[in-house]
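For reference, the structure is listed below as structure tokens.
Computed from heavy atoms alone, side chains included, the values below leave out hydrogens, waters and symmetry copies. All residue numbers in this chain count up from 1 along the given sequence.
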Amino acid sequence: MVAVTSALFHAPAPAQSRGATTLDTVEVLGARHELSGFPGSVSVIDGDTLRAGQRQVSLAESLVRAPGITVLDRQNYAQDLQVQSRGFGARSTFGIRGIKLIVDGIPSSALDGQGQAASFPLSALDRIQVLRGPLALQYGNAAGGAIVGETAFNGPPFEVEGWIGSDSSARLAAGFEGASSDEQWRWRALGSAFTTDGDRPHSAAERAQLDGVAQYTPNDHARLRVVAGALSQPYTDDPLGLTREQWERDPHGTDPVAEQFDTRKKIDNAQLGARWEDEYAEGREYWIGGYGVTRDVVQFLAIPPAAQRAPGSAGGVIDLGRRSSGVDAGHRWDFTRGALTVGAEAGWLQEQRRGYENFVGDELGVRGRLRRDEDNRIRSTEAFVLGELRPAQDWTVLGAVRHAKLRFESDDHYIAPGNGDDSGSLDYGGTAAALGVSRAFGPGEVFASIGHGFETPTVTELAYRPDGSAGFNTGLEPAQFDMAEIGARWRFSAGKASVSAYRIDGEDEIVPADNRGGRASFANAGRTRREGVEAGFEGRFHPQWSYALTANWLRARFTETFSHTVLSNGVERVQLVEAGNRIPGIPRADGYAELAWNTHDGRTVAALEMRASDGMPTDDRNTDASNGYATFALRLQWDAANGGWYGFARADNLFDRDYVGSVIVNEGNARYFEPAPGRGFTLGFGWKAGG
């Protein structure tokens, strides 16, 4: 299914220079395909929509426009937001899991599948592409698909903008774009700084980000693209989740232990990548690229000293340093009735992880004795083949196969009485395959696809065994998924519409077994099933009125009873999950709606936005659940008559509703609920050179 912005409702844009992006194409594994003939579910959100009247802090602002995508904004910058694609990613307690994240060719997902959405430079991106369904499995170790951001060179020479808002929040950004005299070199850079005190006590955050892209085009068939980025997030307060009792008593409160232990997180991230492409002959193209990423994290947890004194404790402070690098290469042949793409990728990750006690004597929230010291490594090699066939004028067939091998290794350097050697290694291998077909029918097309995919555990998921014994969680198997979908999309005079239905059968799906005292352990579930329908509609019913609507319905459940053993207070207990239980963290239904009005000259736009969601189970046993909600927001944006200046104003959660924005799945202390913020206001202004 496709949900695209109103920019696509107009006539196709004229041909652009090599390297420019267009919204009517889909890129899969480096090969571009016509959107109208793509036999799978994909959404394309253009840069104007990402920024118009938005705070540009979080992907939660715009991804709600993509059908099949559920965004749970924790409003906790220490843990990032949670993004789900057809229910994949719901188990993540921090960051994004189950979805491949890529920005300008550089993975924002580590080799083990853990991703961070904060690395998306929303102020600079030309578009975001969201792939779901079987054909999206070709991005590898991510069953939920891929979110791909891309920067283009079509901005003003200079731009500056800023806003202020509720909770002492503010953001300032500035960027510039330029080119050499012969226009062989073009470049674009953007820097931003964001700060907030947060809606809840102990939820303040700061973030500084710098991103740049340079492109060298020596001729009309080749280009070199260089991308660099850096993100610094000083110690960010973590307000933690709330129990049911705490939530009902104060839906904007914070657990007292967060302030007692000064729970917080510091993040530093830097990345550099380059890619060379050359269409050296008609219908022949190759590419080669590489990247490097460094990421350092220090996090203070709220673990009582008594629990940390146990011999097997890893402490209450995480000190993590990661160094990742990778290379990829591929070749594409275009033929009269099709195309063939082959490629290979290799990646390496080195991680140094240390744990310390979070107390010294009676003082809490400070770094104490060393309790964990290990080196982890991941090595990945992957190869893929992607074939496209157009057997008749209105038919398109797309098939792909990817094979991956991953090796996990851990060297434990902290050996002490009661804490044995946790070193170990594991090898995983998996093959993803997909086949899709589409048939055009005048103003639209119908499509169907099937596929098989896999998802390996992350380093974090392998770290601890649920039964508390020492060593890698070697019993944790990769999850396997079989998928099928059918859909249709069509275009009419003033809009677009799409709908698709899907079914996903899973085996050995990875689920949180326990999450207590900073030790999150994972296990394999029995069989699971996801059945869903997603739809998107947008367009104009009057020159001054436009609308957008996305709606998702998803039935996600365990179809087979399973159990695992967990260690609680030194006592083993069997955790039994009954068949028929809902998979936690996934709403049964959610959606987004927007009604917008603009003046005749288009310089002023006013819009009413609505977000709605059903409640979500908190744990595998479905012992509790959040409540459903619907919230509304008003947005106003304007441009000056002489160009250059522009501004916007927002009022979010207009009726100041108390609701849970996200749940922490299977949280061992029953602090499941992460409150959403109350009513908030934002006012912003900007200026573009040459506007």
Side-chain angles (χ1 to χ4, degrees), residues 29-30 95-97 99-121 138-142 146-151 209-216 223-232 267-277 286-297 319-331 342-354 374-384 402-411 425-430 455-460 462:
L29 302 178
I96 294 177
R97 183 73 177 97
I99 304 171
K100 189 81 168 184
L101 304 178
I102 302 171
V103 182
D104 284 317
I106 299 179
S108 292
S109 298
L111 292 178
D112 59 359
Q114 189 73 48
Q116 306 295 327
S119 58
F120 275 68
Q138 294 314 302
Y139 275 92
N141 189 14
I147 300 175
V148 183
E150 189 170 355
T151 303
Q209 196 164 350
L210 180 64
D211 295 279
V213 180
Q215 183 169 294
Y216 172 60
R223 71 170 182 174
L224 171 67
R225 193 175 180 92
V226 181
V227 183
L231 179 147
S232 177
I267 303 171
D268 290 290
N269 194 93
Q271 56 192 37
L272 177 66
R275 182 183 177 95
W276 170 262
E277 300 176 0
Y286 74 90
W287 72 87
I288 183 169
Y291 68 90
V293 180
T294 67
R295 185 174 182 84
D296 296 293
V297 176
D319 190 335
L320 171 68
R322 279 189 162 187
R323 306 294 180 264
S324 303
S325 60
V327 294
D328 71 291
H331 193 285
V342 298
E345 301 174 5
W348 301 266
L349 182 149
Q350 292 185 326
E351 174 185 281
Q352 187 178 61
R353 183 184 292 264
R354 292 189 174 97
E374 66 191 40
D375 292 324
N376 300 313
R377 293 176 298 278
I378 304 176
R379 184 174 67 249
S380 170
T381 55
E382 305 184 35
F384 63 85
R402 172 186 283 260
H403 183 72
K405 291 184 177 180
L406 291 92
R407 180 170 180 80
F408 292 76
E409 297 178 337
S410 181
D411 293 329
S425 63
L426 282 170
D427 292 299
Y428 291 122
E455 189 173 289
T456 69
T458 66
V459 170
T460 300
L462 289 168

Ionic contact status for D104 with R225, cut-off 4.0 Å: yes

If the condition is salt bridge (charged side-chain N to carboxylate O under 4.0 Å, His left out), which residues does D211 pass it with, not counting sequence neighbours? none

Counting distance only, does the side-chain N/O of H403 pair as donor-acceptor with the main-chain N or O of E382 below 3.5 Å? no

Would you call the rings of H331 and Y286 parallel, tilted or perpendicular, where under 30° means parallel and over 60° means perpendicular? parallel

Please lay out, stage by stage, how N269 and T294 fare under the test side-chain contact (heavy atoms from CB on, under 4.5 Å). CA-CA 6 Å; N269 194 93; T294 67; over 6 Å; no

On a heavy-atom basis, the closest approach of S109 and I99 is OG-O, 3.4 Å

Between S380 and G347 (side chain of the first, backbone of the second, donor and acceptor by atom type, cut-off under 3.5 Å), is there such a pair? no

Charged N to carboxylate O below 4.0 Å: is that the case for R97 and D112? no

Pick one: which of L320, L349, I267 meets side chain to side chain contact (heavy atoms under 4.5 Å, CB included) with R295? I267

Can E351 and R377 be counted as an ion pair, charged N to O under 4.0 angstrom? no

Distance only, no hydrogens: is a donor on one side chain within 3.5 Å (strictly under) of an acceptor on the other, for R323 and Q350? no

Candidate pair R353 and D375, rule salt bridge (Lys or Arg N to Asp or Glu O under 4.0 Å), full reasoning: CA-CA 6 Å; R353 183 184 292 264; D375 292 324; over 6 Å; no

